[in-house]
Asker: 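Have a look at the structure that comes next, please.
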Protein chains: 2
Amino acid sequence: MSDAALWSALADPHRRAIVALLLERPRPVGEIVEACGLSQPGTSKHLKVLREAGLVRVRQDAQRRVYALDPAPIAALDAWLAPYRRLWNSSLDALGRRLDETSDDSDDRRESLTPKD
Amino acid sequence: MSDAALWSALADPHRRAIVALLLERPRPVGEIVEACGLSQPGTSKHLKVLREAGLVRVRQDAQRRVYALDPAPIAALDAWLAPYRRLWNSSLDALGRRLDETSDDSDDRRESLTPKD
DNA sequence: CAGTTATATGCCTGTCAAGGAATGCAACCC
DNA sequence: GGGTTGCATTCCTTGACAGGCATATAACTG
């Protein structure tokens, strides 16, 4: 459910840009406005979406609101991605074979499953 | 650029469901229609979006079109995710400290960077 | 060739999200 | 306290997208 919020939050390029900005360091809204070239209200709205998706957190510093990334939702994305890793960890040939055979689903015997990093 | 197509393709829950279906094995359209409970035209349109995002490939088998996952775009997602991994590999305390200090960016000394698997 | 199966495309409508402009609100400064 | 700074919220308009129905297209069947 909040899965949907996460994906649709990240579907917007401006919001991905904001997230990337916040990866470097937490920033107040003004800085984000300047960086992403949107109007201040527009930026605030994007921040609200990110907030409601749980992707960012706010800390109040006088009149400023300093936004920072929350790792959890991105970790959730990583978890979503996990089952797909075998697709490119195993040789692409395997996919080709599946395309050809469509029936042999017992090919758990893959290459070496070496962690990609 | 095609990055945008990838994200917006995956932003839709039905399309994520289709992608998950195709992770198990390639499937003809009919099967996908049945599985995701949409009309056949609706399903076909989702498949078109996935196709144009590069997420799936089609193989023609008589009158059938068998769809299969293409690993590349999902790998791209994984690559996008990579810079964020440090966020949850390192202790969450580190994030807390950044929230408090906002200036000390030289905290490359993290915990153990143990691969999450 | 006529009919059927399997999929794609077009058209239409309702919904929703993005972005701008104006305004509201809270905390600071003199 | 009055003005200012920093951000959020509201209203509005416009454009994009989802989903249904009808229809086109392509390949198989007899």
Side-chain angles (χ1 to χ4, degrees), chain A residues 1-22 25-70 99 102, chain B residues 1-22 25-70 99 102:
Chain A
M1 257 292 324
S2 119
D3 212 41
L6 174 59
W7 281 100
S8 61
L10 288 175
D12 185 274
H14 283 136
R15 287 194 289 260
R16 286 199 303 279
I18 292 177
V19 165
L21 275 176
L22 295 183
R25 52 184 155 96
R27 299 179 192 257
V29 176
E31 236 177 273
I32 302 174
V33 168
E34 205 176 343
C36 74
L38 274 178
S39 69
Q40 177 267 314
T43 306
S44 254
K45 274 183 282 189
H46 283 305
L47 287 171
K48 180 177 189 176
V49 174
L50 292 171
R51 222 187 307 136
E52 289 174 344
L55 276 161
V56 300
R57 290 191 179 166
V58 209
R59 182 184 57 124
Q60 187 142 7
D61 170 46
Q63 323 99 300
R64 292 199 196 132
R65 309 267 182 124
V66 179
Y67 280 81
L69 272 188
D70 187 327
L99 280 174
T102 308
Chain B
M1 260 297 320
S2 120
D3 211 43
L6 174 58
W7 281 101
S8 60
L10 289 175
D12 186 273
H14 283 136
R15 286 194 291 261
R16 285 199 303 279
I18 293 177
V19 165
L21 274 176
L22 295 182
R25 54 187 153 94
R27 298 178 192 259
V29 177
E31 235 177 273
I32 302 175
V33 168
E34 205 175 343
C36 73
L38 273 178
S39 68
Q40 176 268 314
T43 307
S44 254
K45 274 183 279 190
H46 282 305
L47 287 170
K48 181 177 188 177
V49 174
L50 291 171
R51 221 187 307 135
E52 289 174 345
L55 276 161
V56 300
R57 289 190 180 166
V58 208
R59 183 185 56 124
Q60 186 141 9
D61 169 47
Q63 322 100 300
R64 294 203 196 130
R65 307 267 183 126
V66 179
Y67 280 81
L69 274 188
D70 186 328
L99 279 174
T102 308

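Excluded from the calculations below are hydrogen atoms, water molecules and symmetry mates; all remaining heavy atoms, backbone and side chain alike, are included. Residue numbers start from 1 in every chain, and the chains themselves are labelled A, B, ... in the order their sequence lines are given, proteins ahead of strands.
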Asker: So, is A:His46 near the phosphate of C:dA17, with a side-chain N or O under 4.0 Å from OP1 or OP2?
Answerer: no

Asker: Is any N or O donor-acceptor pair between the side chain of B:Gln60 and the base of D:dA27 shorter than 3.5 Å?
Answerer: no

Asker: Does the side chain of A:Arg64 reach to within under 4.5 Å of the side chain of A:Arg27, using non-hydrogen atoms?
Answerer: no

Asker: Looking only at side-chain N and O atoms, does B:Ser39 come under 4.0 Å of OP1 or OP2 in D:dG19?
Answerer: no

Asker: Given that A:Ser8 and A:Gln40 both sit by DNA chain C, which one's nearest nucleotide is further toward the 5' end?
Answerer: A:Ser8

Asker: Just call it for A:Ser44: base, sugar-phosphate, or nothing, with non-hydrogen atoms closer than 4.0 Å on any strand.
Answerer: base

Asker: Counting just side-chain N and O atoms, does A:Arg64 come under 4.0 Å of either OP1 or OP2 of C:dA26?
Answerer: no

Asker: When the axes are fitted on five pairs at both termini, how much does the helix from C:dC1-D:dG30 to C:dC30-D:dG1 curve, in 10° steps?
Answerer: 20°

Asker: Hey, is the main chain of B:Arg15 close enough, under 3.5 Å, to the side chain of B:Asp12 for a donor-acceptor pair?
Answerer: yes

Asker: The side chain of A:Gln63 is closest to which nucleotide in this list: C:dT7, D:dG6, D:dA27?
Answerer: D:dG6

Asker: Contact class for B:Gly42 (heavy atom, under 4.0 Å): base, sugar-phosphate, or nothing?
Answerer: nothing

Asker: Show me the protein contacts with nucleotides 10-12 of chain C, counting only N or O atoms at under 3.5 Å.
Answerer:
residue, atom, partner, partner atom, Å
C:dG10, O6, B:Lys45, NZ, 3.4

Asker: Sequence neighbours excluded, which residues qualify as salt bridge (charged side-chain N to carboxylate O under 4.0 Å, His left out) partners of B:Glu34?
Answerer: none

Asker: Would you say C:dA6 has OP1 or OP2 under 4.0 Å from some side-chain N or O of B:Tyr67?
Answerer: no

